[in-house]
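The structure under discussion appears below in the form of structure tokens.
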Amino acid sequence: MLVFVLILSFLICSGLTVAKKDEFFSDYCSPRNTNTINAIFSVLIFLSHSVTYIELDGVLDAPYFEFRAFHGQLVVVTYLFFSGFGIMESIKKKGTPYVKAMPVNRFFKLWYHFAIVILLYTVVSVGIAGNKYSLSRWLLSFTGFKSIGNSNWYMFVTFSLYILVIVSFLIFKKSRILAFACFGALCVGFVFAEKKAGLGAAFYNTALCFPLGMFFSLIKPYIDKIFMKNDIFWFTGFSASVVLFAYFSQNRNQNFLFYVLFTFFALAVIVLFMMKVNIKNSVLDWFGQHIFSFFILQRIPMILLKNFGYNKEGYFFIIISFFATVFLSVVFDAFTNKLDSIIFKNKKVLKQ
């Protein structure tokens with residue numbers, strides 16, 4: 001498994017550009033750059049999912065499993081953070097009309113894409129693999145609350161956070177700060193409600209990265225003035241973030257607050273890194289353009305290969321699953337793009 005991580009590392013390093021002394025990349029939070037960062041983690045998510053279907057005990061596998069145990073849910077924090085950041089940036093630019101359009105442009109559009117995915121998993125997991133699920137579980141899978149073989153908790157959290165954003169920013173239309181404060185309070189309540197309900201830790205331990213992304217959007221101009229002043233300020237902030245990240249990584253699984261701070265400082269390290277280092281790679285760019293489909297469809301070939309007994313083939317299973325997911329992503333995105341153009345005949349709606 002370590003070989004696949006090394007290949008990913010090579011792709012990252014081959015596209016690295018470091019800013020000159022006392023210079024920084026002002027566009028470090030542009031959609032292209034954030035998509036590239038998400039693309040890196042999407043590949044790590046794929047590797048993390050794939051090893052749950054197979055058994056590996058090679059010399060180069062043990063280091064990977066240690067790496068996987070350490071990063072845990074960190075592979076999704078940039079998804080949540082940059083999603084929150086992007087939504088707040090849009091609200092800042094377009095105001096209440098953007099929020100009013102979110103039920104259709106954000107929530108419904110994402111949901112119906114996900115609903116198509118659930119139907120695909122129904123065919124694969126139930127029709128082909130022969131798994132049996134209750135009707136209630138199948139219906140709840142359309143919300144992401146339950147799974148029929150698909151990745152689900154991330155979708156449930158995303159849908160929930162979208163609703164909270166819409167509610168908060170429609171209640172406090174005239175004050176962005178009050179709206180965000182309301183959203184932040186609702187997010188904290190949502191997290192503790194999930195925790196108290198006994199849901200799996202994945203449902204809540206990274207959710208606050210989304211409001212953190214929105215908060216970062218609000219304070220970004222001040223952050224840039226401080227840390228992009230010169231290399232000394234940047235290095236001080238970056239080093240402090242690394243130290244705090246390492247500190248809160250200790251006992252993070254026994255202390256919920258430590259886990260939250262662990263994810264927050266991981267994001268601080270990533271954001272500060274992006275200020276100084278730019279990554280451009282055509283392969284990663286492709287994954288950045290197919291983030292949702294590559295993430296949500298990857299278990300389909302894994303389920304099929306396992307059903308036909310190929311999960312005993314180790315690396316062969318991973319390689320075939322990878323390229324099958326790439327193919328599925330291309331087909332799925334082409335199909336949904338065409339469907340979007342039919343459902344959303346008003347092109348302006350899609351651009352909100």
Side-chain angles (χ1 to χ4, degrees), residues 1-8 11 39 41-65 67-69 71-72 75-76 113-156 200 202 283 286-287 289-336 339:
M1 287 301 297
L2 192 60
V3 172
F4 297 114
V5 177
L6 292 175
I7 293 173
L8 177 60
L11 290 175
F41 287 108
S42 72
V43 176
L44 290 177
I45 290 171
F46 171 85
L47 295 177
S48 184
H49 285 169
S50 67
V51 297
T52 63
Y53 294 84
I54 58 180
E55 293 184 9
L56 296 171
D57 57 4
V59 176
L60 296 179
D61 297 324
Y64 167 76
F65 283 108
F67 170 64
R68 180 176 181 266
H71 70 60
V75 290
V76 300
H113 286 186
F114 181 61
I116 294 172
V117 169
I118 293 300
L119 294 177
L120 291 175
Y121 273 94
T122 301
V123 173
V124 172
S125 189
V126 179
I128 298 176
N131 296 314
K132 296 181 179 180
Y133 302 101
S134 65
L135 177 60
S136 61
R137 184 185 182 97
W138 182 73
L139 291 174
L140 285 172
S141 71
F142 283 90
T143 68
F145 189 70
K146 293 291 184 179
S147 168
I148 56 171
N150 58 291
S151 298
N152 66 303
W153 71 264
Y154 177 83
M155 300 307 301
F156 176 76
V283 175
W286 184 90
F287 284 103
Q289 294 166 9
H290 299 272
I291 286 292
F292 174 75
S293 55
F294 185 77
F295 165 72
I296 205 67
L297 295 171
Q298 58 189 236
R299 290 185 184 271
I300 288 179
M302 293 177 190
I303 292 171
L304 289 172
L305 288 171
K306 181 179 180 180
N307 183 64
F308 294 115
Y310 289 104
N311 58 314
K312 298 177 181 179
E313 303 299 326
Y315 292 158
F316 174 79
F317 175 94
I318 296 172
I319 293 170
I320 297 302
S321 295
F322 180 82
F323 286 106
T325 304
V326 169
F327 173 75
L328 287 174
S329 298
V330 172
V331 174
F332 180 83
D333 286 344
F335 174 74
T336 52
L339 204 55

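- Residues F67 and L44 have side chains in contact (heavy-atom distance under 4.5 Å, counting atoms from C-beta outward).
- By the ring-ring contact (aromatic ring centres under 6.0 Å, His included) test, F322 pairs with F46, F287, F294, sequence neighbours left out.
- The side-chain contact (heavy atoms from CB on, under 4.5 Å) with S321 is formed by just one residue from the set M302, H49, K306, Q298; it is M302.
- Rounding to the nearest 0.5 angstrom, the gap separating the CG atom in L139 from the CD1 atom in I148 is 10.0 Å.
- Side chains of Y133 and S125: a donor-acceptor N/O pair is present below 3.5 angstrom, by distance only.
- Between F332 and H113, the two ring planes are perpendicular [angle over 60°; tilted spans 30° to 60°].
- Across I320, L305, I54, L304, a single residue satisfies side-chain contact (heavy atoms from CB on, under 4.5 Å) together with Y310, and that is L305.
- In terms of heavy-atom proximity, V75 sits nearest to G72 at CG2-O, 3.4 Å.
- Taking the side chain as every heavy atom from C-beta outward, Y64 and L56 never approach each other to under 4.5 Å.
- Heavy atoms of other residues, nucleotides or ligands lying less than 6.0 angstrom from CZ of F323 number 12 at most.
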Checking side-chain contact (heavy atoms from CB on, under 4.5 Å) for the pair W286/S329: CA distance, chi angles, key distance, verdict?
CA-CA 11 Å; W286 184 90; S329 298; 4.1 Å; yes

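- For the residue pair Y53/R299, the side-chain donor-acceptor check at 3.5 Å is satisfied.
- A donor-acceptor pair is defined here as one N or O able to donate and one able to accept, closer than 3.5 Å; no such pair exists between the side chain of S48 and the backbone of I45.
- Contact check for L120 versus L297: side-chain heavy atoms found under the 4.5 Å cut-off.
- The two atoms that bring A202 and W153 nearest to each other are O-CE3, 2.9 Å, heavy atoms only.
- Atom OG1 in T122 sits 5.5 Å away from atom CZ in F142 (nearest 0.5 Å).
- To the nearest 0.5 Å, atom CZ of residue F41 and atom NE2 of residue H71 are 9.0 Å apart.
- Residue G144 comes nearest to N152 through the heavy atom pair O-ND2, 2.9 Å, listed as atom of the first residue, atom of the second, then distance.
- Note that the CE atom of M155 and the OG1 atom of T143 stand 10.5 Å from one another [nearest 0.5 Å].
- The two atoms that bring Y121 and I296 nearest to each other are OH-O, 2.7 Å, heavy atoms only.
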side-chain contact (heavy atoms from CB on, under 4.5 Å), that's the test. Do V43 and F4 meet it? Break it down for me.
CA-CA 9 Å; V43 176; F4 297 114; over 6 Å; no

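- Scanning both residues, M1 and V51, for their nearest heavy atoms gives CE-CG1, 3.6 Å.
- Atoms CD1 and CD, on I318 and E313 in that order, are 12.0 Å from each other to the nearest 0.5 Å.
- Note that the CD1 atom of I116 and the OG1 atom of T336 stand 6.5 Å from one another [nearest 0.5 Å].
- The nearest pair of heavy atoms linking F295 to S151 is CZ-CB, 3.9 Å.
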